[in-house]
Amino acid sequence: MVEFDTVYERRNTNCSKWDSIKDTYGEDGLLPLWIADMDFKANQPVLDAINRTAEQGILGYSPAPDSLYEAIQRWQKRQHNYTVSKEAILFNSGVVPSLSLAIQAYTEPGDAIMIHDPVYPPFAKVVEQNDRKLVRSQLLIDQEHFIMDLEEMEKYFVAENVRLFILCNPHNPGGRVWTKGELEAFGTLCAKYDVLVVSDEIHQDLIFAPHVFTTFTNVHSTFKDFSITLTAATKTFNLAGIKNSMIFIENPDLRKQFVEAQERNFQNEINIFGYVGTEAAYEHGDDWLDELLGYLKENIDMVTNFLKAELPSVKMMHPEGTYLIWLDFSAFGLTDAQLQNQLVHKGKVVLNPGITFGPKGTQHMRLNVACPKETLSEGLRRIKHSFE
């Protein structure tokens with residue numbers, strides 16, 4: 001039994017989530033429910049494996065061992081019914097650096113790249129900072145969850161000559177777990193217009209039943225020809241600091257282009273603890289993940305019940321996956337700056353501003369519920385106080 005209720009002191013541990021908020025917002029006593037890592041201790045077998053490696057005392061250059069490839073393959077097959085070949089597996093320090101490499105490998109400056117709106121903020125940044133043209137397709141809301149607007153996407157594919165699409169699967173911040181049917185329709189459209197798909201699947205393991213995750217490449221036998229997959233153990237097992245992620249590229253030509261971009265940027269070597277931690281997580285993490293998902297589901301239910309009883313004006317998009325909740329504060333009629341100011345300086349609670357996820361995120365906030373219930377309960381109390 002994992003003690004997810006244990007409250008760990010993360011202040012003064014060089015922790016971005018807890019220690020950067022005073023510099024960001026200028027005051028003490030703020031409660032962070034923002035940056036997407038968890039306030040839970042990592043799985044003990046992972047910590048044991050990292051400690052054994054450190055105790056060797058010599059931390060030289062290390063290649064990825066065969067046992068790591070095998071652990072990744074077994075995890076993908078066991079958890080997602082996805083058979084990935086060893087040759088298709090590449091490594092990099094993180095998903096966002098891999099996005100940058102993909103953009104450099106497969107497009108040229110000035111090329112149009114499409115993302116959804118709203119979506120994880122680094123998608124837009126990595127496109128623009130690589131001197132590509134950013135094209136946003138707004139997600140629609142149907143039955144209180146996001147759906148893709150394929151008609152609008154097709155219009156932009158033609159008008160902007162879109163070369164690459166960055167897909168968030170599952171979706172952050174909305175928590176949508178795209179169905180196989182949705183992904184098939186999306187992929188068919190991309191194939192029609194020769195649009196390469198880069199699928200960010202870092203939240204692939206954080207799925208609540210009865211929803212089922214489908215890796216984009218696995219939807220149809222032809223999709224591997226025009227897509228690459230980015231994922232990691234770090235989000236699932238709260239290991240962001242070990243800096244390791246995977247890239248799955250089945251198409252050998254696409255793989256060759258990506259490897260060449262890695263070599264040009266000298267991004268083809270990984271932290272030894274990234275290898276060790278990832279392998280241990282995938283070899284020993286099934287039960288820990290099951291318990292985590294149960295706890296996160298209870299936290300999501302806590303938010304649902306609290307808002308219904310105490311803050312009915314705040315509308316919640318119920319997540320099908322991830323530990324992130326998309327909250328709609330538009331009923332208060334505040335600007336984005338006013339909304340953030342009330343939460344931070346009156347409520348003393350920090351959420352991610354929705355406007356940073358794209359224009360569609362105006363008057364919204366993203367709430368991170370991957371924390372002990374005591375912390376979440378206090379955060380909800382502070383959110384309520386923001387509007388009293």
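Every value quoted in this text rests on a predicted model; they were computed, and no experiment measured them. Positions are given from 1, in the same order as the sequence printed here.
Between His364 and Pro118 there is no side-chain heavy-atom pair separated by less than 4.5 Å. Contact check for Lys77 versus Thr83: side-chain heavy atoms found under the 4.5 Å cut-off. When side chains are defined from C-beta on, Leu230 does not count as touching Ile202, because their heavy atoms never get closer than 4.5 Å. By the 4.5 Å heavy-atom criterion applied to side chains, Leu351 and Ile383 are counted as neighbours. A heavy-atom distance below 4.5 Å is not found between the side chains of Trp326 and Met316. Side-chain contact between Met148 and Leu139: present, with at least one pair of heavy atoms (C-beta onward) separated by less than 4.5 Å.
Between the side chains of Ser67 and Glu279, a donor-acceptor pair is found at a separation under 3.5 Å. If you check the side chains of Gln104 and Asn130, you find a donor sitting under 3.5 Å from an acceptor. For the residue pair Arg163/Thr107, the side-chain donor-acceptor check at 3.5 Å is not satisfied. For the residue pair Glu184/Thr188, the side-chain donor-acceptor check at 3.5 Å is not satisfied. Side-chain contact of Glu144 with His318: a donor-acceptor pair under 3.5 Å is absent, judged by distance alone. A donor-acceptor contact closer than 3.5 angstrom is absent between the side chains of Gln204 and Gln79.
Qualifying side chain to side chain donor-acceptor pair (under 3.5 Å) partners for Lys256, counting only residues two or more places apart in sequence or in other chains: Glu260.
Aromatic pair Phe165/His116: centroids less than 6.0 angstrom apart. The distance between the ring centers of Phe216 and Phe248 does not fall below 6.0 angstrom.
In this structure, Lys373 is not positioned above the aromatic face of Phe4 in the sense of NZ or CZ being under 6.0 Å from the six-membered ring centre and within 45° of the axis.
Using cut-offs of 30° and 60° on the angle between ring planes, the pair Phe123 and Tyr120 is perpendicular.
Around the NZ atom of Lys346, the shell of radius 6.0 Å holds more than 12 heavy atoms that belong to other residues, nucleotides or ligands.
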